[in-house]
Amino acid sequence: MRIAALPFLATVALVFLLVLDPGESRSEKGTSVSHVCSPKTENRLLVEPVIQREAAEETVPEVPRVEHSEAHANCRITPRPDNNDWSALFRAIGEETDAHRCRWLVFNLVNRHGVNEEAAALLMERLRMAEDPDLLGVLVWALSRVRSAEAVALLEEIVANTEFESVQLEGVNSLGSIGTEAAGTALGNILHSGAGDSVRMRSATLLGLVWIDDSAAVASLAKAAGTDTSAAVRIASIQSLGSSTGTEAQAALGEIVEGGATQGERILASEQLEEIQAVSSGAADVSESFRETEHPTTSTSTFLE
């Protein structure tokens, strides 16, 4: 009887063990872990290892410092030349690619050493290639020291073609400083060109200051005084004509008195003509003809040497 009950007791014991620890016995048979974990725990255990593995694979190694230094070493920084060394400045102007640095190189070359023939050729070469308005202005200023026909032609070309008014005005000033017959002709061309009013006004003023005894300049001023579309340019031309005591200037002013565009211009021309005639007859001090203009847009002081 006792022996017969043994199989029954063994079966009960096995069932009891399965009830007490079902997860352990099932896990030993390969049953899913979800039977022993909550849904949140299950997701964390399944997902976290994947995220950690992918993050490890996508990690970008830090760039070594030596590579960063080598990258900076590839950037060329032109050393500052000795301003007292003409050759160093000359060479630097030819090689410099930064417009701001090149400006100061040109300043130092011109102010410390002047502009010889070799330097003039270099400056004109740089001017033909320059695009930065500040560098253009400095190069145009530097050519005011060059009296060659090539420099005059280049300055007239720059004034005609550049879009920057500041560069145009600098070009007109440089032509006035050069003072040659070719420069006067260039200013006459600019006076009757499509340049802005301020550029044409400056041209008229400089023609009256430097070339007023030149027949071509007087003719150019007379034409502008009678036909220019800008009243300011006409007034500047009339005032420049008043700087001359020649008969050609007097004749031009007389025509304006008779048929000027406006009453104010006719009055101004009459005053200028009276002063010229007084100076010519010796009845007035010549210095009275060289006074600061009263017109606010053409205010330019002239001086006797």
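The backbone N or O of A204 lies less than 3.5 Å from a partner atom in the side chain of S240, making a donor-acceptor pair. Side chain of S220 to main chain of A216: no donor-acceptor pair is present (N/O by atom type, distance under 3.5 Å, no hydrogens or angles). A distance-only check finds a donor-acceptor pair linking the side chain of T185 to the backbone of E181 [under 3.5 Å]. Remark: the backbone N or O of T245 is paired with a side-chain donor or acceptor of Q250 at under 3.5 angstrom. Of the possible polar contacts, none joining the H192 side chain to the R200 backbone as a donor-acceptor pair under 3.5 Å is found. Side-chain N or O atoms of R112 include none that pairs as donor or acceptor with a backbone N or O of N84 at under 3.5 Å. When atom types are taken as modelled, the side chain of S203 and the backbone of I190 share no donor-acceptor pair closer than 3.5 angstrom. R126 contributes a side-chain N or O that, together with a main-chain N or O of I93, makes up a donor-acceptor pair within less than 3.5 Å.
Of the candidates V138, L139, V115, V110 forms a side chain to side chain contact (heavy atoms under 4.5 Å, CB included) with just one, namely V115. None of V233, I235, V172 except one satisfies the side chain to side chain contact (heavy atoms under 4.5 Å, CB included) rule with M201; the exception is V233.
Taking every heavy atom of both residues into account, L175 and A186 meet most closely at CD1-CB, 4.0 Å. Closest approach of A225 to I238, counting heavy atoms only: CB-CG1, 3.8 Å. Of all the heavy atoms in D197 and S230, the pair that sits closest is OD2-OG, 3.4 Å. Shortest non-hydrogen contact noted between S244 and I276 is O-CD1, 2.9 Å.
For F107, the ring pair (Phe, Tyr, Trp, His ring centres under 6.0 Å) partners at least two apart in sequence or on another chain are W104, W141.
Separation of atoms CG (N83) and CG (N108) is listed at 3.5 Å; rounding is to 0.5 Å. Going from atom OG of S270 over to atom CD of E265 covers 13.5 Å, rounded to the nearest 0.5 Å. Expressed to the nearest 0.5 Å, how far CD1 of I267 lies from CD of E271 amounts to 7.0 Å. A distance of 12.0 Å separates CG in L253 from CD in E248, rounded to the nearest 0.5 Å. Between the CG atom of D85 and the CZ atom of F90 there is a distance of 12.5 Å, given to the nearest 0.5 Å. Atom CD1 of I158 sits about 7.0 Å away from atom CG of N161, to the nearest 0.5 Å.
Between L143 and I178 the shortest side-chain heavy-atom distance does not fall below 4.5 Å. Considering only heavy atoms from C-beta on, L169 stays 4.5 Å or farther from V159 through its side chain. A heavy-atom distance below 4.5 Å is found between the side chains of E118 and W86. Counting heavy atoms from C-beta on, the side chains of Q272 and L241 never come closer than 4.5 Å. Using a 4.5 Å heavy-atom cutoff, the side chains of E150 and L154 are not in contact. Using a 4.5 Å heavy-atom threshold, the side chains of L105 and P81 count as touching. Within the 4.5 Å cutoff, no side-chain heavy atoms of T229 are placed close to those of R234. Here the side chains of V152 and T180 are in contact, with some heavy-atom distance below 4.5 Å.
Counting only N and O atoms by type, the side chains of Q168 and T162 include no donor and acceptor under 3.5 Å apart.
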Report task. Walk me through it: do L135 and L127 pass the test side chain to side chain contact (heavy atoms under 4.5 Å, CB included)? Result -> CA-CA 8 Å; L135 178 56; L127 180 57; over 6 Å; no
Requested in this report: Quick one: do H100 and D134 satisfy side chain to side chain contact (heavy atoms under 4.5 Å, CB included)? Show the steps, please.
Outcome: CA-CA 8 Å; H100 179 74; D134 292 332; over 6 Å; no
Report task. Could you please spell out the steps behind the side chain to side chain contact (heavy atoms under 4.5 Å, CB included) verdict for D214 and L207? Result -> CA-CA 9 Å; D214 180 76; L207 283 173; over 6 Å; no
Report task. Would you please test S144 and N173 for side chain to side chain contact (heavy atoms under 4.5 Å, CB included) and show each step? Result -> CA-CA 8 Å; S144 65; N173 289 339; over 6 Å; no
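If you chain together hydrophobic residues whose side chains sit under 4.5 Å apart, V140 and F164 fall into the same group.
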